[in-house]
Colleague: 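One structure is given below, represented as structure tokens, and several questions about it will come after.
Residue indices begin at 1 and follow the sequence shown.
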Amino acid sequence: MKQKIVVMTGIFTLMITGSMNAQKIPHLDQTKPIEERIDLLMQQMTLEEKVGQMNQYNGFWEVTGPAPKGGDAAKKYEHLRKGWVGSMLTVRGVKEVKAVQKIAVEETRLGIPLIIGFDVIHGYKTLSPIPLAEAASWDLEAIKKSAQVAADEASAVGINWTFGPNVDISNDARWGRVMEGAGEDPYLGSKIAKARVTGFQGDTKADLMKVNTIAACAKHFAAYGFAESGRDYNTVDISDSKLYNTVLPPFKAATDVGVRTLMNSFNILNGVPATGNAFLQRDILKGQWKFDGFVVSDWASVREMIPHGFAKDGAEATAKAVIAGSDMDMESHLYVVELVKLVKEGKVKEALVDDAVRRILRVKFELGLFDDPYKYCDEKREKATLGSKSNNEAVLDMAKKSIVLLKNEKGILPLKKSGQKIALIGALANDKNSPLGSWRIASDDNTAVSVLEGMQKYKGNVLTFEKGADLTVGKTTFIDELVFNTNDKSGFVAAKKVAASADVVVMVLGEHGFQSGEGRSRTNLDLPGVQQELLEEVYKVNPNIVLVLNNGRPLALPWAAEHIPAIVEAWHLGTQTGNAVAQVLYGDYNPSGKLPMSFPRNVGQVPIYYNNYNTGRPVNSDKNVFWSHYTDVEKTPLFPFGFGLSYTTFDYKNLKISKASFAKGEPVVVSVDITNSGNYDGKEVVQLYIQDVAASLARPVKELKGFELIALKKGETKTVTFTLTEKELGFYDNAGKYLVEAGTFKLMVGGSSDKGLEGRFELE
């Protein structure tokens, strides 16, 4: 009891008067290095309190109200008061966070503050486009800014840790969680991982102390994006080459820029659940990469090792998870129940517990929580920050940059600003909820600017809206299965009537915002419900259609690609959806996005990706059926990775490689001239691909190894220069060793992965 009084008095004194009295609690002395402060604190901790730091609970009661009286909530509350909880998630809002932090700081023996986590995936209250859409911008500064906006708002409501970014590489559009990542390419994915981590955390570790940054969490470690059949939570079975060269690079990029936490994944790898996988967590992450933050399980993934068949009960699951390097248990409720006993029985070494606790405390110290547990609890800042004008301007900028123009024939786009009769058709055109996208649990429903609202701001045309047909039936929520309208076509007649008398028809079709994300796998990639039929019926009366797609994954739309003159990929763009779409349609913003994932011709091609491998029979050299192809459709994608049009055109000329042959370690300098040969100012993503022609392991037909986003005024020419080093020219063997081998390299530079100027060089 005496120790409790001294410690609590010290904390209160420190909070009031600052660090001058920190010597009363040595670990709070801000003049001491963090590692020394951790040592001093851990010397005071019991085994139960150490294990408590490894325990994370979801919000379980109305924290500003009375304490829970019974059941699981009362048990969790008692654990919180004992100091047996190290983190909570989904508690949000200054009043709520302050109330729960107050219990941890002022009612427990040692007063260790909580780290408050939340899924801030593409914004908190003011929403940016979904991450896959942001990746389509290829604009790293804009993506970083988007994460900064998210961190600014999240930190203003008391949150100091986000479960993002998702850096899973995936080439399977059936998997709903492709909406959370950066697409199919590890090079682009690595660049975006770095941008998002630094956006959340700041550029240096010291930036974590700022009040408007939060700790990031790279997830899901590892290989979750390769779940079989694109089915969530499913088995993963990939080669070592795929693991080292495709899956791991974005995680390595995140750790290289100092990401403070990682989340493991639900899947197995080589038969071992990631949560219990020492190879991933101990050998690679904490060993080879020297990661000094902590690893959190995914929701209940420690317990889920039991149905995986990897653990017989909770005690064994706990032991295997801790031994493997999973530092914090999210909502399995197992560490807090089993781990103390396991340590006392000698089944888990206390040194492993100490290592995990040290990692968790380190991040809390780095966030400044010990110096001021309530630093994120400022109601004035909360009110001023959420939904601010500057944040809305930032997400609008991000939304415009995320739009990809897939097709534009007949000069139908941009729309004229006067003198046109425009029919706007589709339930999604007047939807203020769906465009917010999935994983936006803190934002308010129906707060997106709809496409109808965005287009209504352009007064020079006659704009008429007709829904055509409902997309869904019944309630649409984050946790419920969607039910789609497959029968009601009663609105077709009205839609066709306005279309027939219009100069141009804009149809907004696609997926509901909750149709992608966790638990939203699909076996069809078409337009759900009656939308395809609506599209074809309207086409019969007026083929001058602009198809605006709202979706969270690549779709297979062969009929539209063949018949519709203009197709705009607008994804789920968040709060400013309608303004962004309207500004692109009317030409106030020239679209510059490029696809971060290939769009298949049909679902039978999936997985499909540009950086594939040649077979022994890649082409029809013998003019018979015995070569690698489909008999019913081309083997190429409908729209390839890196593809995206503009209202202007760009010509590539004068590809130059500084010389024909290079020694190992010598930089390969490549230059190319790009001219804006059209009638509009615009931006172009200049992309560089290489192929290692013959290596000790077969290499892909091409790999992205450089890109630059440039702005060109009409008629302007710029020279873009790339420098390839061993970092770009090598690859990992099946043991994870990085190799740079002599040989011939092919090179391509262009505006897409499917075509460009070609060259070659030798590496001696």
Side-chain angles (χ1 to χ4, degrees), residues 133 135-143 183 185 187-188 191 397 400-415 546 561 565-570 580 583-599 610 636-657 669-690 702-724 746-759:
S137 73
W138 297 55
D139 189 327
L140 300 177
E141 286 302 314
I143 292 170
D185 181 72
Y187 182 87
L188 177 62
K191 297 291 186 182
D397 179 68
K400 290 186 291 187
K401 291 174 177 176
S402 301
I403 293 173
V404 184
L405 180 62
L406 297 178
K407 188 178 179 183
N408 189 24
E409 296 179 350
K410 302 181 180 180
I412 197 169
L413 287 176
L415 300 174
V546 178
I567 303 176
V568 176
E569 176 52 82
Q583 289 179 33
V584 166
L585 293 182
Y586 279 103
D588 285 338
Y589 187 87
N590 190 350
S592 55
K594 303 281 188 174
L595 293 179
M597 284 190 76
S598 303
F599 277 45
Y610 86 93
T636 57
L638 183 65
F639 298 110
F641 174 85
F643 176 79
L645 302 174
S646 169
Y647 293 150
T648 191
T649 54
F650 299 99
D651 293 339
Y652 285 71
K653 295 180 180 178
N654 301 324
L655 176 65
K656 296 178 182 178
I657 304 172
V669 180
V670 181
S671 65
V672 65
D673 295 338
I674 299 95
T675 300
N676 182 341
S677 55
N679 297 320
Y680 298 86
D681 298 344
K683 296 178 182 177
E684 172 73 335
V685 181
V686 184
Q687 303 161 45
L688 181 148
Y689 298 85
I690 68 167
K702 61 185 66 173
E703 298 177 271
L704 179 71
K705 292 298 181 180
F707 65 89
E708 186 170 340
L709 175 63
I710 61 171
L712 290 171
K713 296 186 179 300
K714 60 180 181 181
E716 184 181 7
T717 298
K718 285 185 178 179
T719 300
V720 174
T721 300
F722 297 98
T723 301
L724 298 173
K746 291 182 179 179
L747 183 146
M748 187 191 82
V749 179
S752 175
S753 65
D754 65 335
K755 59 184 177 181
L757 302 178
E758 298 180 354

Colleague: At what distance, to the nearest 0.5 angstrom, does CG of L645 lie from CG of L405?
Modeller: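 With rounding to 0.5 Å, CG (L645) is 5.0 Å from CG (L405).
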Colleague: With the side chain counted from C-beta on, respond yes when V669 and T721 share a heavy-atom pair under 4.5 Å apart, and no when they do not.
Modeller: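 Yes, side chains in contact.
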Colleague: Is there a donor-acceptor contact under 3.5 Å from the side chain of K718 to the main chain of A711?
Modeller: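 Present.
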Colleague: Is it the case that the side chain of N654 and the backbone of V672 share a donor-acceptor pair, with hydrogens and angles ignored and the cut-off at 3.5 Å?
Modeller: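 A pair under 3.5 Å: no.
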Colleague: Taking the six-membered ring for Trp, are the ring centroids of W138 and F641 within less than 6.0 Å of each other?
Modeller: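 So the answer is yes for these two rings.
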Colleague: Would you call E684 and K594 a salt bridge, using N to O less than 4.0 angstrom?
Modeller: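 Salt bridge between E684 and K594, a charged N being under 4.0 Å from a carboxylate O: yes.
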Colleague: Is the closest side-chain heavy-atom distance between L747 and L655 below 4.5 Å?
Modeller: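 In short, these two side chains touch, coming nearer than 4.5 Å.
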Colleague: Checking T649 now: which residues fulfil side-chain contact (heavy atoms from CB on, under 4.5 Å) with it, not counting sequence neighbours?
Modeller: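 Here the qualifying residues are S677.
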Colleague: So, taking the atom named NZ in K400 and the one named OG in S592, what distance separates them when rounded to the nearest 0.5 Å?
Modeller: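 Going from NZ on K400 over to OG on S592, the span is 10.5 Å.
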Colleague: With side-chain hydrogen bond (donor to acceptor under 3.5 Å, both in side chains) as the criterion, how do D185 and Y610 come out once you've worked through the C-alpha distance, each side chain's angles and the decisive distance to 0.1 Å?
Modeller: CA-CA 9 Å; D185 181 72; Y610 86 93; 2.5 Å; yes
Colleague: In Å and rounded to the nearest 0.5 Å, what is the NZ to CZ distance from K407 to F643?
Modeller: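 CZ of F643 is found 10.0 Å from NZ of K407.
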Colleague: How many angstroms lie between OG in S402 and CD1 in I143, if you round to the nearest 0.5 Å?
Modeller: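 Going from the OG atom of S402 to the CD1 atom of I143 covers 7.5 Å.
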Colleague: Are side-chain heavy atoms of K683 and I710 found at a separation under 4.5 Å?
Modeller: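 They are not in contact (no side-chain heavy atoms under 4.5 Å apart), so the answer is no.
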Colleague: Could you tell me whether a side-chain N or O of Q687 sits under 3.5 Å from a main-chain N or O of G751, the two making a donor and an acceptor?
Modeller: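 Judged by distance alone, yes, a pair lies under 3.5 Å.
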Colleague: Could you go through the side-chain hydrogen bond (donor to acceptor under 3.5 Å, both in side chains) check for D673 and T717 one step at a time?
Modeller: CA-CA 7 Å; D673 295 338; T717 298; over 6 Å; no
Colleague: Could you give the distance from NZ (K705) to OH (Y187), rounded to the nearest 0.5 Å?
Modeller: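 The NZ atom of K705 sits 8.0 Å away from the OH atom of Y187.
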Colleague: So do the side chains of L188 and L704 get within less than 4.5 Å of each other, counting heavy atoms only?
Modeller: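 Yes; the side chains approach each other to less than 4.5 Å.
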Colleague: Under 4.0 Å between a side-chain nitrogen and a carboxylate oxygen: does that hold for K401 and D139?
Modeller: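 A salt bridge links K401 with D139.
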Colleague: Do F722 and F707 make the cut of ring centroids closer than 6.0 angstrom?
Modeller: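 Ring centres of F707 and F722 not closer than 6.0 Å.
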